[in-house]
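When a ligand or atom number is given, it counts from 1 through the structure's own listing order.
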Amino acid sequence: MNAINPATGERVETYEIETADDVDNALKAANEAYEEWRIRPLRERERLLTEVAEELRENDRTYAEQITREMGKPISGALAEIEKCAWVCEHYAEHASAYLTPEGHPSPPGVDARTVYEPFGPLLAVMPWNYPFWQVFRFAVPALTAGNVVLLKHASSVPGCAMAIEDAFRQAGLPEGTFRTLLIDADLVDGILGDDRVRGVTLTGSGPAGRAVAATAGEQLKPSVLELGGSDPFVVLEDADVEAAAEVGTQARMQNAGQSCIAAKRFVVHTDVHDEFVNRFVAEVESLTVGDPMDAETDVGPLASEAFLTELHEQVERSLEAGAHAVTGGEPLDREGAYYPPTILTDVPEGCPVDAEETFGPVAAVYEVADEYEAIEKANDTRFGLGASIWTADRKRGRRLAHDLEAGCVSVNQLVKSDPRVPFGGIKESGYGRELAADGITEFVNRKTVWVE
Ligand code: NDP
């Protein structure tokens, strides 16, 4: 398994792929670890999580550089990602006891009926490369806190990150086997899910991968959570603060070189403020620094691979042929590495690739709409339903329109972001289930009803 630096095309390191026998041993170890981990007092599991947060903060530069080398995220973003992982550890260390407090129910006199929360066992996490630490932590931390153990099948482009995450849990003092990275090809996932020792699966990634894993989980009658792609709308109404919308919209689309499921991808703008928004948006986007991701001043690094660059540019070219207009960007940069310039397309025709497909790179599609009804119609005109952002000076109007948006998360006057304190997840082809907050910790637990006479 080769890790390639997308900024240079050079090989970072080669890792040996694990075999089915290695996986069997890992499952055995995970199962043994689970028997010990599940009976540890919750307070003790919470305490170990604070140690994980400390380990991450003490070595943030080392972990962040691993991210940057393997998938090209600018170092400032990689450091922020490590800090967010430390935060989610602290969040569950502080709140898990409340989230998992047994819930009493109305019952006849003399009866005590309540729901208690118990872990499932070893869980499989299939994870992507775009936030190679955060995507793993936001699932693993609540799952571990609840008493489950985790097996990670990470994207094959970030094996160093996968190993570093396992190491972080080990350094913090979690018992051997509670968090184990499997350096395997995706075709071993089916067999792992079919193993009786594995009790559930979560996947973050593309639709095809999600469908494949969900189909196997269904066959095996095992619970699954899917966090798939998105084509989030960013709606700017006529009464919006256009300056703030353009500034935040730039961040919402261009951070992580646009490789985020919850990036704003389709900008739906009221005709009264359309031209002003586009002018400000172009100015913001053109002020971004594209360059070496190890440089602290860089805003936009390379895409995670040459293959992603080719795919993205084809989507742009086909959209231009269909009638879209590039107001900035639109051609790969003439330099070494998988660099694509921040790009804005206007006059985007319905059904062209940037309209109908997910664009996983720094490309924004802008639409002009006549009123709020048309805005909501355009915003919902997608097979995805992850996040949506809506901009209006009238908070009541924003709250009302949030109900009309088909999405798992709606932000009014803010970009969509995951936050340990609130649930996160999608509808439609963006997946199902929720991560983070209380929902995240109760996805993979047995909500057991106990009735005592
Ligand atoms: P994939 O969905 O292919 O990869 C995500 C994870 O799933 C990886 O660990 C991958 O392993 C694994 N995987 C892939 N196919 C299967 C399968 N059939 N069974 C089990 N596991 C599987 O994403 P890509 O990296 O190829 O990215 C392609 C597109 O996916 C992006 O352009 C974007 O649209 C979307 N995506 C969405 C993300 C999100 O955050 N929602 C994150 C990343 C991608 P391996 O790497 O070994 O193939």
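Between Val126 and ligand 1 there is a heavy-atom distance shorter than 4.0 Å. At a 4.0 Å cut-off, at least one heavy atom of Gln135 sits close enough to ligand 1 to count as contact.
Looking only at heavy atoms of the protein, atom 8 (C) of ligand 1 is closest to Met127 O, 3.4 Å. Residue, atom and distance of the protein heavy atom nearest to atom 18 (N) of ligand 1 are Ala212 CB, 3.6 Å. Annotation: atom 24 (P) of ligand 1 to nearest protein heavy atom, Trp129 NE1, 3.7 Å. Counting only heavy atoms of the protein, atom 32 (O) of ligand 1 lies nearest to Phe360 CB, 3.5 Å. Nearest protein neighbour of atom 39 (C) of ligand 1, counting heavy atoms only, is Cys261 CB, 3.5 Å. Closest to atom 22 (C) of ligand 1, if we only count protein heavy atoms, is Ala186 CB, 3.6 Å. Scanning all protein heavy atoms for the shortest distance to atom 1 (P) of ligand 1 gives Ser206 OG, 3.5 Å. The nearest protein atom to atom 5 (C) of ligand 1, hydrogens excluded, is given as Thr204 O, 3.9 Å; this is a heavy-atom distance.
Listed for the Lys222 side chain is a donor-acceptor partner under 3.5 Å among the backbone atoms of Val198.
For the 3.5 Å distance criterion, the side chains of Arg138 and Gln135 qualify, holding a donor opposite an acceptor. A donor and an acceptor atom, one from each side chain of Glu374 and Tyr367, are nowhere located under 3.5 Å apart. Under the 3.5 Å distance criterion, with hydrogens and angles disregarded, a donor-acceptor pair is assigned to the side chains of Ser418 and Trp134. A donor-acceptor pair shorter than 3.5 Å can be found between the side chains of Glu55 and Asn59.
Residue Pro128 has at least one heavy-atom neighbour below 4.0 Å for each of these atoms of ligand 1: 42 (C), 43 (C). Close contacts between ligand 1 and Lys153 involve ligand atoms 9 (O), 11 (O), 45 (P), 47 (O) [criterion: under 4.0 Å to a heavy atom]. Within the listing of ligand 1, atoms 20 (C) sit less than 4.0 angstrom from a heavy atom of Val189. Short contacts between ligand 1 and His154, defined as distances under 4.0 Å to a heavy atom of the residue, involve ligand atoms 9 (O). Atom numbering of ligand 1 starts at 1 in the shown order; those under 4.0 Å from a heavy atom of Glu227 are 41 (N).
A salt bridge between Glu65 and Arg61 is present, with a side-chain N of the basic residue lying under 4.0 Å from a carboxylate O of the acidic one. One finds a salt bridge joining Glu429 and Arg211 here, because a Lys/Arg side-chain nitrogen approaches an Asp/Glu carboxylate oxygen to under 4.0 Å.
The closest heavy-atom contact to atom 14 (C) of ligand 1, among the options Ala209, Ser305, Ala155, Ala162, comes from Ala209. Of the candidates Leu228, Leu226, Ile192, Val213, the one placing a heavy atom closest to atom 20 (C) of ligand 1 is Val213.
Shown here, atom 30 (O) of ligand 1 is in close reach of the protein: a heavy atom of it lies under 4.0 Å off.
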- Query: Where do Tyr131 and Phe137 land on the ring pair (Phe, Tyr, Trp, His ring centres under 6.0 Å) test, with the steps shown first?
  - Reply: CA-CA 10 Å; Tyr131 288 84; Phe137 273 77; over 10 Å; no

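For Glu358, a nitrogen or oxygen atom sits less than 3.5 Å from a nitrogen or oxygen atom of ligand 1, counting backbone and side chain alike.
The aromatic rings of His313 and Tyr340 sit tilted, their planes meeting at an angle between 30° and 60°. Taking the six-membered ring where tryptophan is involved, the planes of Phe281 and Phe277 are tilted, since the angle between them lies from 30° to 60°. Taking the six-membered ring for Trp and thresholds of 30 and 60 degrees, Tyr99 and His91 have ring planes inclined between 30 and 60 degrees apart.
Inter-residue side-chain proximity for Val348 and Cys352 is flagged as met; some heavy-atom pair is nearer than 4.5 Å.
Under 4.0 Å from ligand 1, not a single heavy atom of Tyr131 appears.
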